Amino acid sequence: MAHTEVLLSGENITKIFGDFKANDNVNFSISKGEIHALLGENGAGKSTFVKIIYGLLKPDSGNVIWKNEIIEINGPKHARELGIGMVFQHFSLFEALTVLENISLALPEKNQSDDLENRIETISDEYGLQIDPKSRVLNLSVGEQQRVEIIRCLLQNPELLIMDEPTSVLTPQEISKLFEVLEKLSKSGCSILFITHKLEEVRSLTSRATILRRGKNVSTVETKDHTAKSFSQMMVGHEINTNKYEKIKIDNENLLNINNLSRPAQNQFSVELKDINLSVRGGEILGIAGIAGNGQSELMEALTGEYLSIEANKILFNGFDISNFKPNERRKLGISFIPEERIGHATVSSFNLSENFYLTDYINDNSSNYGIINNSFNYENASNIVNEYDVRVPHNNPLASSLSGGNLQKFIVGREISRKPKLLVASQPTWGVDVGAALEIRSQIIKIAEQGAIVIIISQDLDEIFLLSDLISVIYDGNLSKQFNKEKVNLEKIGLLMGGSS
Ligand code: ADP
Ligand code: MG
């Protein structure tokens, strides 16, 4: 598709936070009706750039050019008046209010009218964004909430729609619906700037892509000339090995069984676990898919022992009834955990790496003896992890807080795997981690399964679930589906279960 008429461009946009250049002379342009992808690893500066275009941040230097004129966007309100709309990664809807009330609250006065409900219905028909204006937001799925946000943008007739990672929370079915909407919008002349880390999406949806790396733009390319592999090379800056992981299947005696585990909701924000059953053997990886907030954290707490008062005989591990074992009692049996939150849960940010090693190893006689911490043992182990798991550190034994997210995660994974666990439970093991580090983390997880460990991965990333797992279950509203053999189930089926159909 030839798009000639440029709608918006950024010229030499630079944004500095402290002494860090989040955007370093970025050049970008989008044509009328074009769907343009903005790609880059975590921290590359994508959100910063779109926030500048939407008036949420002011650039330190450079120009934003809108319809051939240099403009200064004073804020989101100004951006919307110009014709720029944005759908955020995290929605900003009031749960207790209806769709209509939410939309009405957010619209500027000039877009308000008595027939708002009709206008919502017209837009929702025109673009296939099915929604009942009278339903309360708290009863809507994430995909439906996103529709509300899109309708809200469309009511203001945008000429440019910005979407920051809109698909990371959607099921595959919701993603294809969204793409149909975006294609329709683009045909009607609206330009779309689309941020994603799912590279296959880029190829099916967009005509051009701009790649950012460490705040700088690497290049702008026609997407049809590229593959997921070449995109990730441009993002990372060197060749990466994207070969499929080959996992050797072994059988051994390790066994985890969960039988009819239920747990009431602890408060209004927590999810009730309903009659959970699972069974995994050593050598197997069970992937638990699901959209966030469907009971993943509650299940994780039951697995780690952070939540006790479970009835007896619900969780059985290698002949032990561990239902009410505390985390350290579980660790002693050879169970390792990788929680979702890197800082605060998996590590203490103001502790150095050897102290963070000690945190999950102090039950071990070598780490401390009669209450005296064996510093050299912990130091040596932490250093070994740094070397073996390729953790990039600024200097020896740094504070956890001085590592980037991906490197800290490599340390945590290394710490838990180096203990040679018989059961490894990992929640979102590569969330927010760059492509290269994710590759290494996943290889380590496969290796420990090949050595006989039972592995359970809880992840919202369906690609990751399909890459790693032998068995796949879906958690939805506190229910865990049956376990599917990966070979016998497809993305579509799992996506439907994630959306609540059975
Ligand atoms: P991306 O969206 O590509 O993941 P961001 O644009 O969010 O990246 O962030 C780029 C870098 O700028 C990150 O290292 C981030 O920590 C930093 N950064 C973003 N916003 C701020 C801020 N308000 N203050 C300080 N640093 C920030
Ligand atoms: Mg971002």
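Numbering of ligands and ligand atoms starts at 1, following listing order. Hydrogens, waters and symmetry mates play no part in the numbers below; they use all other heavy atoms, side chains included. The chain is numbered in sequence order, starting from 1. Keep in mind the model is a prediction, meaning the values are calculated, not measured.
Residue Thr48 holds the heavy atom nearest to atom 6 (O) of ligand 1 of all those in Leu39, Thr48, Leu38.
For Gly43, a nitrogen or oxygen atom sits less than 3.5 Å from a nitrogen or oxygen atom of ligand 1, counting backbone and side chain alike. For ligand 1, the polar-atom distance check finds an N/O of Ala44 within less than 3.5 Å of one of the ligand's N/O atoms.
Taking 4.5 Å as the limit, every side-chain heavy atom of Gln296 sits out of range of all side-chain heavy atoms of Ser427.
Distance from atom 23 (N) of ligand 1 to its nearest protein heavy atom, with residue and atom name: Phe17 CE2, 3.4 Å.
Using a non-hydrogen distance threshold of 4.0 Å, Phe20 registers as a contact of ligand 1. Gly45 counts as a contact of ligand 1, since one of its heavy atoms falls under 4.0 Å from the ligand. Residue-ligand proximity: Glu41 is placed with a non-hydrogen atom under 4.0 Å from ligand 1.
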field: Step-by-step side-chain contact (heavy atoms from CB on, under 4.5 Å) determination, Arg119 to Leu155
entry: CA-CA 8 Å; Arg119 288 169 57 216; Leu155 281 164; 3.9 Å; yes

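Inclusion of Thr48 in the first shell of the Mg ion (ligand 2) is not supported: no N, O or S atom falls under 2.8 Å.
Among Ile494, Ile458, Ile472, Ile288, the single residue meeting the side chain to side chain contact (heavy atoms under 4.5 Å, CB included) criterion with Ile465 is Ile472.
One finds a salt bridge joining Arg419 and Asp361 here, because a Lys/Arg side-chain nitrogen approaches an Asp/Glu carboxylate oxygen to under 4.0 Å.
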